[in-house]
Amino acid sequence: MNTPVEGFSKRSKAEKINWIAEHYTKDPKASKAILEQYWNTNPKMQKLHDEFIENTLTNYYLPFAIAPNFLINEKLYAIPMAIEESSVVAAASKAAKFWLTRGGFKTEILGTEKVGQVHFMYRGNNRALQSFFEELKPKLHKSVSSITKNMEKRGGGIRKIELRNLSDQMEGYYQLHCTFETLDAMGANFINSCLEQFAKTLKEQAQQYDAFSEDEKNLEVVMSILSNYVPNCLARAEVSCPVSQLDADPTLAKEFANKFIRAITIANLEPHRAVTHNKGIMNGVDAVILATGNDFRAVEAGVHAYAAKDGRYSSLTHATVEGDTFKFWIEIPLALGTVGGLTTLHPLVKLALEILQNPSAKALMEIVAVAGLAQNFAAVRSLVTTGIQKGHMKMHLLNMLNQMGATEVEKQQLVEHFKHHVVTNASVKEALEKIQSQ
């Protein structure tokens with residue numbers, strides 16, 4: 001039976017590996033060999049990766065791929081993607097190629113406002129608190145001047161500080177609701193540093209405010225933290241073309257447009273479908289966010305909250321036919337950065353941003369929105385035509401053959417075979433056994 005470990009973080013890397021292998025794996029020698037296989041051969045590079053997080057044992061690989069031929073605002077991009085799921089890169093690339101000759105993708109930034117909040121409890125006269133806040137606001141700005149100085153020089157900083165009364169939802173609950181512009185930085189550390197100073201100033205000034213009773217002076221700060229819900233930090237991406245250009249056959253083109261719009265409408269109406277629909281969008285979004293060293297978990301949380309902003313979870317994408325023009329678009333909240341964090345530390349992240357021609361945070365927002373839109377177009381197009389499994393399972397074919405231990409010659413034969421046959425686990429196993437028995 002395993003027992004708790006003391007001082008694990010203080011042990012050397014080798015000691016940590018020995019402990020985990022001996023206490024939690026059946027074959028410690030084999031386990032240690034696997035962990036060591038994933039080390040970088042350059043000790044300096046490995047040390048860099050070891051220090052990204054705590055208790056590092058090894059590196060965890062994801063494929064780093066390129067989806068080419070994205071025409072965005074008349075500029076051609078090759079988009080880096082880091083993801084393990086088969087068919088995502090292929091689908092994005094196929095969508096990019098489709099729209100390359102139909103005007104490409106058009107994008108715009110609808111806002112870049114980020115949010116942070118100081119949550120506090122106050123049980124007293126609401127008018128007294130409002131009067132206190134009006135006097136407090138300039139002091140809050142002054143209290144963070146050393147933190148905001150450099151950001152303000154570049155055009156960013158604090159945009160607004162509001163007092164919000166939420167005592168109807170929880171007795172005595174109030175917020176300092178603050179909005180920020182962080183330019184090319186994602187801004188989490190900047191925002192949190194400001195908020196923590198706001199909280200300190202709030203408490204100190206409350207103690208000195210003569211109009212408060214003794215109880216009112218002792219307001220309680222619960223927490224100070226940025227929000228990953230950024231409904232006013234939005235990117236929009238769009239594609240459009242004459243309906244007739246959707247297929248070489250005019251009749252099929254019109255039929256495709258109608259089916260496509262119905263599929264998007266269903267995703268707007270039906271939450272079960274909307275979740276899977278939006279997951280497909282996030283296949284493209286997350287892959288680019290990972291490749292560029294941004295926080296995909298923060299983006300995921302904010303995006304799904306935005307998808308439910310109208311009281312029901314629904315599609316992030318929309319489609320219409322207006323006159324003879326097919327239009328498909330997405331509006332998506334994206335708080336991203338191209339400076340700070342891993343962007344200056346991780347060599348592959350730096351390379352990914354170089355491949356993207358060193359975009360600003362706004363440009364990266366647009367690129368990521370395009371990746372999500374392209375992914376969704378490819379998925380819905382497959383769903384309403386050939387079905388999702390035909391292409392998806394063929395992309396899984398090599399993974400299945402590797403799991404079954406196929407040789408390179410057998411792989412080549414079976415890849416050719418399944419160009420004309422349905423891929424399932426059973427059919428692949430049967431075809432491989434047939435070759436092996438000959």
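Computed from a predicted structure; not experimentally measured. Heads up: numbering here begins at 1 and tracks the sequence.
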Practice task
Report the C-alpha separation of Phe98 and Phe377 in whole Å, then their side-chain angles, then the decisive distance to 0.1 Å, and conclude whether the ring pair (Phe, Tyr, Trp, His ring centres under 6.0 Å) test is met.
Solution key: CA-CA 10 Å; Phe98 180 90; Phe377 177 79; 5.2 Å; yes
Can you measure from [atom1] ([X]) to [atom2] ([Y]) and round to the nearest 0.5 angstrom?
| X | Y | atom1 | atom2 | value |
| --- | --- | --- | --- | --- |
| Leu71 | Thr101 | CG | OG1 | 10.0 Å |
| Ile225 | Asn228 | CD1 | CG | 8.0 Å |
| Asp184 | Lys362 | CG | NZ | 9.0 Å |
| Ile34 | Leu57 | CD1 | CG | 12.5 Å |
| Leu195 | Ile161 | CG | CD1 | 9.0 Å |

Handout entry: Side-chain H-bond candidate by donor/acceptor type, Thr320 with Lys327, under 3.5 Å
Key =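 No, Lys327 and Thr320 have no side-chain donor paired with an acceptor closer than 3.5 Å.
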Handout entry: Step-by-step side-chain contact (heavy atoms from CB on, under 4.5 Å) determination, Asn192 to Ser224
Key = CA-CA 7 Å; Asn192 286 333; Ser224 310; over 6 Å; no
Fill in the blank from the handout: Between Leu35 and Thr58 the two heavy atoms that sit nearest each other are O-OG1, 2.6 Å
Practice task
Search all heavy atoms of Ile109 against all heavy atoms of Glu366 and return the closest pair with its distance.
Solution key: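 It is CD1-CG, 3.6 Å.
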Problem - salt_bridge(Glu74, Lys106) N-O dist < 4.0 Å - result: yes
Practice task
Give a yes or no on whether the ring-centroid distance for Phe70 and Phe105 is below 6.0 angstrom.
Solution key: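 Yes, close enough.
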Practice task
Evaluate ring pair (Phe, Tyr, Trp, His ring centres under 6.0 Å) for Tyr38 paired with Tyr61, printing each intermediate quantity in order.
Solution key: CA-CA 8 Å; Tyr38 283 84; Tyr61 290 176; 4.8 Å; yes
Please check if atom [atom1] in [X] has more than 12 non-hydrogen atoms from other residues, nucleotides or ligands closer than 6.0 Å.
| X | atom1 | answer |
| --- | --- | --- |
| Lys350 | NZ | no |
| Lys429 | NZ | no |
| Asp249 | CG | yes |

Practice task
With ring pair (Phe, Tyr, Trp, His ring centres under 6.0 Å) as the test, would you mind laying out the steps for His119 and Tyr174 before giving the verdict?
Solution key: CA-CA 6 Å; His119 305 266; Tyr174 291 80; over 10 Å; no
Practice task
Examine distances only and state if a side-chain atom of Gln46 and a backbone atom of Asn40 form a donor-acceptor pair shorter than 3.5 Å.
Solution key: yes
